[in-house]
Amino acid sequence: QVQLVESGGGLVQPGGSLRLSCAASGSFSNIFAVGWYRQAPGKSRELVARMQSDSSTNYADSVKGRFTISRDSAGNTVYLQMSSLKPEEPAVYYCNLFGRIGSMQSRNYWGQGTQVTVSS
């Protein structure tokens, strides 16, 4: 089975920093991309950061220069380092993985989400 577990969410003051983690488990034969998405109240889910298998990255314009996506050396944990958080950015953050298990078709896998609240 596949499991993506996010952690590190919580309450942070405006201008503060937070580091989210996503621990992935599963017998992946191919991982093509990992990413973080967020959904704010009243808004649709949007891409925040994405990393391809070649380690190239893409960020939403609103977070460029403040957020950083990375993976550990073992490749089973994805991080999102968030800095200079704004009061307008509370949301549930979701870890996403696009990959393949064994000979199965490639698909998206999602974590359960972790809440980030920015409050003074």
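Because its NZ or CZ atom is not both nearer than 6.0 Å to the ring centre of F28 and within 45° of the ring axis, R100 does not count as a cation-pi partner of that residue. Annotation: cation-pi pair R19/Y79 present, NZ/CZ under 6.0 Å from the ring centroid and within 45° of its normal.
Closest heavy-atom contact between C22 and L4: SG-CB, 4.1 Å. Between S21 and T77 the shortest heavy-atom distance is CB-CG2, 4.4 Å.
The shortest distance between side-chain heavy atoms of F32 and Q52 does not fall below 4.5 Å. Within the 4.5 Å cutoff, the side chain of S62 has no heavy atoms near those of the K64 side chain. Within the 4.5 Å cutoff, side-chain heavy atoms of R66 are placed close to those of K86.
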Run the side chain to side chain contact (heavy atoms under 4.5 Å, CB included) check on S70 and Q81 step by step: do they pass? CA-CA 8 Å; S70 62; Q81 178 66 50; over 6 Å; no

Problem - Steps toward side chain to side chain contact (heavy atoms under 4.5 Å, CB included) verdict (L97, I31) - result: CA-CA 7 Å; L97 184 154; I31 298 177; 4.0 Å; yes

#### Entry: Working for side chain to side chain contact (heavy atoms under 4.5 Å, CB included), residues L20 and M82
CA-CA 8 Å; L20 305 182; M82 305 183 293; 3.8 Å; yes

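Remark: the E6 side chain and the Q112 side chain contain an N/O donor-acceptor pair separated by less than 3.5 Å. R45 and Y37 form no side-chain donor-acceptor contact under 3.5 Å, judged by distance and modelled atom types alone.
Listed for the Y59 side chain is a donor-acceptor partner under 3.5 Å among the backbone atoms of I69. Remark: the backbone N or O of G102 is paired with a side-chain donor or acceptor of S29 at under 3.5 angstrom.
Here Q115 contributes atom CD and R38 contributes atom CZ; the two are 12.0 Å apart, rounded to the nearest 0.5 Å. From W36, atom CH2 reaches atom CZ of R50 across 15.5 Å, with rounding to the nearest 0.5 Å.
In this structure, Q13 places its CD atom where only 12 or fewer heavy-atom neighbours from other residues, nucleotides or ligands lie under 6.0 Å away.
None of S119, P87, S84 except one satisfies the side-chain contact (heavy atoms from CB on, under 4.5 Å) rule with P14; the exception is P87.
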